[in-house]
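Below: the structure, in structure tokens.
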4 protein chains.
Amino acid sequence: MVISLELDSDTPLYEQLRNQIVIGIATGQLAPEEKLPTVRQLAEELGINTMTVNKTYSLLKQEGYIVIDRRHGAKVSPQLQNHAEPAPELEGQLQLIIAQATIQGIDESKFQKLCAQIFSTMTYQHP
Amino acid sequence: MVISLELDSDTPLYEQLRNQIVIGIATGQLAPEEKLPTVRQLAEELGINTMTVNKTYSLLKQEGYIVIDRRHGAKVSPQLQNHAEPAPELEGQLQLIIAQATIQGIDESKFQKLCAQIFSTMTYQHP
Amino acid sequence: MVISLELDSDTPLYEQLRNQIVIGIATGQLAPEEKLPTVRQLAEELGINTMTVNKTYSLLKQEGYIVIDRRHGAKVSPQLQNHAEPAPELEGQLQLIIAQATIQGIDESKFQKLCAQIFSTMTYQHP
Amino acid sequence: MVISLELDSDTPLYEQLRNQIVIGIATGQLAPEEKLPTVRQLAEELGINTMTVNKTYSLLKQEGYIVIDRRHGAKVSPQLQNHAEPAPELEGQLQLIIAQATIQGIDESKFQKLCAQIFSTMTYQHP
DNA sequence: GTGGTCTAGACCACT
DNA sequence: GTGGTCTAGACCACG
């Protein structure tokens with residue numbers, strides 16, 4: 001899985017990393033139970049500090065995306081929470097995006113097509 | 001138009017304010033050419049620093065949402081840019097949201113319904 | 001409020017600090033809305049690194065004990081969650097303590113007395 | 001006696017194991033003088049490293065819960081220390097739990113009931 | 001002046 | 001060899 005960080009972005013490195021891993025899980029590039037690189041490996045590979053990767057892993061763990069096993073390091077959670085309703089913050093973020101899209105002149109049908117296209121790349125399946 | 005800020009949020013105040021104004025424009029609570037409060041008025045009304053409101057207005061101006069006329073203050077842009085394609089950052093944000101929704105177990109049809117519902121509140125029309 | 005850290009304890013510094021602040025809140029040494037020392041102040045006062053204090057504050061924030069306002073720093077949450085039922089982990093910890101007490105020869109009445117004595121020092125009131 | 005470990009818990013395996021054995025003794029699932037499985041047996045049964053079980057047994061021995069006889073392996077101590085007063089660390093742990101309970105809105109009477117309920121499962125008797 | 005992020009490098013606990 | 005903790009010191013974003 002390819003990860004690219006923008007060093008001069010407003011988004012903190014640990015958050016960029018977190019986002020890319022979340023997308024990796026949703027798109028199936030990271031399968032449930034799949035082992036993630038060690039903190040040191042990933043830090044070296046990306047040219048960043050181990051503490052930054054560490055923070056990312058802690059965050060992902062806290063959010064339930066990954067599980068950390070003292071014996072073998074970090075791996076994708078075997079089964080992720082299945083909610084019937086979208087988390088409220090997700091709804092707020094979506095509202096903001098749709099507002100911006102509307103103003104940019106993207107109408108509902110274009111937007112839905114874009115969503116469909118993105119959804120087609122998501123292969124994550126709940127057990 | 002009602003604006004509510006969370007002082008203890010992770011999102012900076014100027015960004016919360018910017019987001020709410022953008023949503024206000026898209027939902028028609030702020031019409032094109034409509035005059036915005038002065039920096040001082042808004043700052044006092046919200047109980048925050050004028051610098052913060054200033055920063056918001058600068059950002060909105062730079063993004064093209066508002067125009068600033070030294071004589072008459074700030075007003076919503078008379079004509080907002082109409083793009084055929086969604087801005088690339090918007091697409092990235094949407095991908096992240098959809099990834100998270102997928103993992104939370106929100107499937108495409110549920111998501112589409114949520115989008116439709118949000119779209120129905122957006123009344124902004126391009127001239 | 002007096003805080004004392006054991007540098008050679010098994011419990012990490014940031015956790016010792018977190019525990020003492022939690023106890024401070026429960027015993028009323030820290031009132032709701034009360035301002036906590038700044039990260040730098042507390043770090044210097046305790047002779048530890050700012051990042052350690054930072055981690056403590058992040059943890060307390062995540063657990064809902066404190067709120068961080070960009071304008072004025074950290075303060076005790078104005079109103080803490082009121083649960084009817086004890087959190088399950090709390091129950092597990094209590095079971096372990098009672099098991100150890102039982103083996104040490106502390107019987108139920110002694111234990112209840114001890115609890116009562118500790119409870120009498122807790123002055124936190126839900127609004 | 002059933003022992004279940006969470007491989008991905010924050011609590012180290014050897015400590016989880018130690019805790020469960022202590023609870024086992026207090027609840028009478030392990031009687032005084034009862035023989036414990038050998039290090040190898042237990043390690044294999046739980047699918048963990050023998051070093052880990054070893055560490056648990058050493059700890060339990062050091063704390064006085066078990067005695068280790070090279071010829072016959074480990075067994076529960078025939079006579080556990082009977083203290084009039086609770087160990088001070090136990091008191092500190094209890095204070096922390098009560099502080100958290102208070103903040104969560106569990107009042108003294110609810111807490112006492114919970115204690116009583118847990119005590120009713122403890123059958124250990126001093127000789 | 002506040003907290004938040006990041007680095008480089010060290011040491012420790014767990015398995 | 002894994003993640004977790006801690007330090008000293010730096011820089012940044014926010015208000």
Side-chain angles (χ1 to χ4, degrees), chain A residues 5 7-17 35-44 46-58 61 66-75, chain B residues 5 7-17 43 46-56, chain C residues 5 7-17 35-44 46-58 61 66-75, chain D residues 5 7-17 43 46-56:
Chain A
L5 301 178
L7 295 177
D8 58 347
S9 162
D10 287 335
T11 321
L13 293 178
Y14 80 90
E15 204 174 321
Q16 290 184 47
L17 189 48
K35 197 177 172 309
L36 295 175
T38 69
V39 170
R40 287 172 180 78
Q41 274 172 4
L42 193 48
E44 193 178 359
L46 298 173
I48 61 178
N49 194 280
T50 55
M51 293 232 14
T52 308
V53 179
N54 201 326
K55 188 163 185 176
T56 302
Y57 278 17
S58 300
K61 173 187 164 193
I66 68 172
V67 150
I68 293 175
D69 179 331
R70 273 210 181 69
R71 299 173 306 169
H72 310 108
K75 64 174 192 195
Chain B
L5 300 178
L7 283 331
D8 57 342
S9 161
D10 287 331
T11 321
L13 292 179
Y14 81 92
E15 202 176 322
Q16 290 183 50
L17 190 49
L46 298 173
I48 61 178
N49 200 303
T50 55
M51 299 285 290
T52 308
V53 179
N54 214 325
K55 189 164 185 174
T56 303
Chain C
L5 300 178
L7 297 176
D8 58 346
S9 161
D10 288 335
T11 321
L13 293 178
Y14 79 91
E15 203 174 323
Q16 291 183 47
L17 190 47
K35 197 177 171 312
L36 296 176
T38 70
V39 170
R40 288 172 179 77
Q41 275 173 3
L42 193 48
E44 192 176 1
L46 298 174
I48 61 177
N49 194 279
T50 55
M51 292 232 16
T52 308
V53 178
N54 201 325
K55 188 163 186 176
T56 301
Y57 278 17
S58 300
K61 173 188 166 194
I66 68 173
V67 151
I68 292 175
D69 179 331
R70 272 209 181 68
R71 301 173 305 170
H72 310 109
K75 65 173 192 197
Chain D
L5 302 178
L7 282 333
D8 57 342
S9 161
D10 288 330
T11 321
L13 293 179
Y14 82 93
E15 203 175 322
Q16 290 185 49
L17 191 47
L46 299 173
I48 61 178
N49 200 302
T50 54
M51 298 285 292
T52 308
V53 179
N54 213 325
K55 189 163 185 175
T56 302

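Order of the sequence lines sets the chain letters (A, B, ...), proteins ahead of strands, with each chain counted from 1.
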Polar pair under 3.5 Å, donor/acceptor by atom type, side chain Arg40(C), base dG3(E): yes
Glu44(C) atom CD, over 12 foreign heavy atoms within 6.0 Å: no
Nearest-Å distance for atom pair [atom1]/[atom2], residues [X] and [N]:
{"X": "Asp10(C)", "N": "dC11(E)", "atom1": "CG", "atom2": "P", "answer": "19 Å"}
{"X": "Met51(B)", "N": "dT2(E)", "atom1": "CE", "atom2": "P", "answer": "18 Å"}
{"X": "Leu13(A)", "N": "dC11(F)", "atom1": "CG", "atom2": "P", "answer": "17 Å"}
{"X": "Lys35(A)", "N": "dT2(F)", "atom1": "NZ", "atom2": "P", "answer": "7 Å"}
{"X": "Asn49(C)", "N": "dG3(E)", "atom1": "CG", "atom2": "P", "answer": "14 Å"}
{"X": "Glu44(C)", "N": "dG1(E)", "atom1": "CD", "atom2": "C1'", "answer": "14 Å"}
{"X": "Asp8(D)", "N": "dG3(F)", "atom1": "CG", "atom2": "P", "answer": "14 Å"}

Between [options], spot the one nearest the side chain of [X], thanks.
{"X": "Tyr14(A)", "options": "dC6(E), dT15(E), dC6(F)", "result": "dC6(E)"}
{"X": "Thr38(A)", "options": "dG3(F), dT5(F), dG3(E)", "result": "dG3(F)"}
{"X": "Lys61(C)", "options": "dG4(E), dA8(E), dG15(F)", "result": "dG4(E)"}
{"X": "Ile68(C)", "options": "dG4(E), dA8(E), dC14(E)", "result": "dG4(E)"}
{"X": "Lys55(C)", "options": "dT5(F), dA8(E), dT7(F)", "result": "dT5(F)"}
{"X": "Asn54(A)", "options": "dA8(E), dG15(F), dG4(F)", "result": "dG4(F)"}
{"X": "Tyr57(C)", "options": "dG3(E), dG15(F), dA8(F)", "result": "dG3(E)"}

Test side-chain contact (heavy atoms from CB on, under 4.5 Å) applied to Gln16(D) and Thr56(D), Leu7(D), Thr11(D), the passing residue: Thr11(D)
5′-ward residue of the pair Thr52(B)/Leu36(A) relative to DNA chain F: Leu36(A)
Most 5' of Gly47(C) and Pro12(B) on DNA chain F, judged by nearest nucleotide: Gly47(C)
Pairing partner of dC14(F) (Watson-Crick or G-U wobble, both distances under 3.5 Å): dG1(E)
Base partner of dA8(E), which must satisfy Watson-Crick or wobble distances under 3.5 Å: dT7(F)
Closest-nucleotide ordering on DNA chain E, the 5'-leading residue of Val39(C) and Leu7(A): Val39(C)
